[in-house]
**Student:** 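Below are the structure tokens for one structure; questions will follow.
So you know, we letter chains A, B, ... as the sequences are listed, proteins then strands, and number each from 1.
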Amino acid sequence: MSDWRPQAGPARPHRARLLAEVRGFFARREVLEVETPILGAGAPLDPALESWRAEAPDGSRGYLQTSPEYPMKRLLSAGEGDIYQIARVFRGGESGPRHNPEFSLLEWYRLGFDHHRLASEVVALIHELCACVPGWQCPDPSVRQVAYGELFRRELGLDPLAATSAELARVAGARGLTIAGELDRDGWLDALVSLVLAPGFPPDRLTVIFDYPETQAVLARPCVDRPGYAARFEVYWGDLELANGYHELTDPAVFRVRRARDLAIRRARGQEQPLADPWLEPAMEAGLPDCSGVALGLDRLLMRLLDFDDIRRVLDFPGGHA
Amino acid sequence: MATYSTNEFKAGLKLLMDGDPLTIVENEFVKPGKGQAFNRVKLRNLRTGRTLEKTFKSGESVEAADVMDTEMQYLYNDGEFWHFMVPDSFEQYAVGKAALGDADQWLKEQDVCTVTLWNGEPLSVVPPSFVEMKITECDPGVRGDTAQGGTKPATLETGAVVKVPLFVEEGETVKVDTRTGEYVSRV
């Protein structure tokens, strides 16, 4: 078998260059690079993420991180200022042309930024990076910015907060999308974004979607000016989701409510119930400063810079060969 | 009843949907970072040959189709059915034209084919990749044309028509690639 061989030779020097340029970008902006543990005692309960379990022969157990968010927020609560990290993260059950079970996530936090300002910094980062190497692809300089609710109204004639599952299913059906399996409202919203709307995003442009339904807030704070929505954004390059960010939730009471809801969803679906991380809640009680944070998939960014359509082309040892 | 979960999906897996046996041609995993996962699957209906696309919520299970590929020897054609036999068990199967498709033009008695069975019923027949057949009809080659690499049509013993080089003559036996229908060599 020749499977032992690395598979991303042409991409390898580009990855090294990308990491160096990312570090340069944040050094110029005086954002501090940090490192936090990959292995933790608890896991986030978000039903959309499954954590890899880790176990030692002596019986001690933990989870591989799905993102470095929780420990980075503990640094912020302890008074550290703007920080970033290039982290290896792990997600169970995710594998395909755009997913690898282990990947590189660039995550950063900016004090005093709202989610719009941070989204602009993500766009600036991508535009600065793509200009570093001749031959790297660059997205069109004009960025498409659209609110989640506006996107649904304009493209599908739907109010994403008011539409029922049946209405969402009907609109999907009219676009040729039927799905085997029972979906709840948020499941249908995800289906419409991923399988109907995103494939129509302009291929050479960045699209920023902001203000997501509060049922999909995760750890974003509620929008003040848009009831029912949360201050969350995503950045797409063409139809490829690159980054997800929040104007961060700082209220520990809301955090507890959402965590309880996540746990209830996991129970109802028969999903695994991992041990909850015990540290973020007291850190929020102590005071998470007003900030925004974002996580960007570096392997996917490299795919776009090199104009590759399969994540395995930028990974020397992808899942199944690792 | 055997079932497959979407996380077992891969090309070649056989599923039973709406009463028809299907095979997975392509399976793509689609998931927003913070949302519901889906499997977008391209399938081929093994009964009709038609391809279709279907999207599953990840984690769903689908019934497995009892589809098996079996090596069988081709025996004879009775005018309506083509008869095959499993060499080990001498079990015989009669295959109709619908399941046989275009394979009949490559069937030579005694040759071993792959017959796909669904609940014991023949669904399709794949002839051997290479067959050797006698040319029953073709125009005589033109002397001196051999170097130019020209071709001419030749009718084989089963009625199949292939393009052969000009130097090949009627009555000769030739080797043909059944997947492309192309002449390979003289035998």
**Student:** Give, as side chain, backbone, both or neither, the part of Ala191(A) having an atom under 4.5 angstrom from any heavy atom of chain B.
**Tutor:** both
**Student:** Got a salt bridge between Lys152(B) and Asp139(B), using NZ or NE/NH1/NH2 to carboxylate O under 4.0 Å?
**Tutor:** no
**Student:** I'd like to check Leu117(B) versus Val67(B) (side-chain heavy atoms, cut-off strictly below 4.5 Å). Are they in contact?
**Tutor:** no
**Student:** Just give me the residue among Pro47(A), Ser95(A), Ala198(A) that pairs up with chain B most often, heavy atom to heavy atom, under 4.5 Å.
**Tutor:** Ser95(A)
**Student:** At a heavy-atom separation under 4.5 Å, does Glu241(A) approach chain B through its side chain, its backbone, both, or neither?
**Tutor:** side chain
**Student:** Thr66(A) versus chain B, heavy atoms under 4.5 Å apart: side chain, backbone, both or neither?
**Tutor:** neither
**Student:** ring-ring contact (aromatic ring centres under 6.0 Å, His included) with Tyr212(A): which of Tyr148(A), Phe152(A), Tyr246(A)?
**Tutor:** Tyr148(A)
**Student:** Answer with side chain, backbone, both or neither: which region of Phe38(B) has an atom nearer than 4.5 Å to a non-hydrogen atom of chain A?
**Tutor:** side chain
**Student:** Does this structure show an ion pair linking Asp184(A) with Arg269(A), if we count only N-O contacts that are shorter than 4.0 Å?
**Tutor:** yes
**Student:** Can you say whether the rings of Phe81(B) and His83(B) are parallel (under 30°), tilted (30 to 60°) or perpendicular (over 60°)?
**Tutor:** perpendicular
**Student:** Specify which of Gly176(A), Gly96(A), Ser194(A) makes the most heavy-atom pairs with chain B at under 4.5 Å.
**Tutor:** Ser194(A)
**Student:** Is Leu49(A) in contact with chain B via its backbone, its side chain, both, or neither, using a 4.5 Å heavy-atom distance?
**Tutor:** side chain
**Student:** Near Lys54(B) NZ, under 6.0 Å, is it more than 12 heavy atoms from other residues, nucleotides or ligands?
**Tutor:** no
**Student:** Please identify, among Val30(B), Thr55(B), Asn7(B), the residue contributing the most non-hydrogen atom pairs under 4.5 Å to chain A.
**Tutor:** Thr55(B)
**Student:** Below 4.5 Å from any heavy atom of chain B, which atoms of Leu189(A) appear? Answer side chain, backbone, both or neither.
**Tutor:** neither
**Student:** Would you call Tyr63(A) and Asp277(A) a side-chain contact if the rule is heavy atoms closer than 4.5 Å?
**Tutor:** no
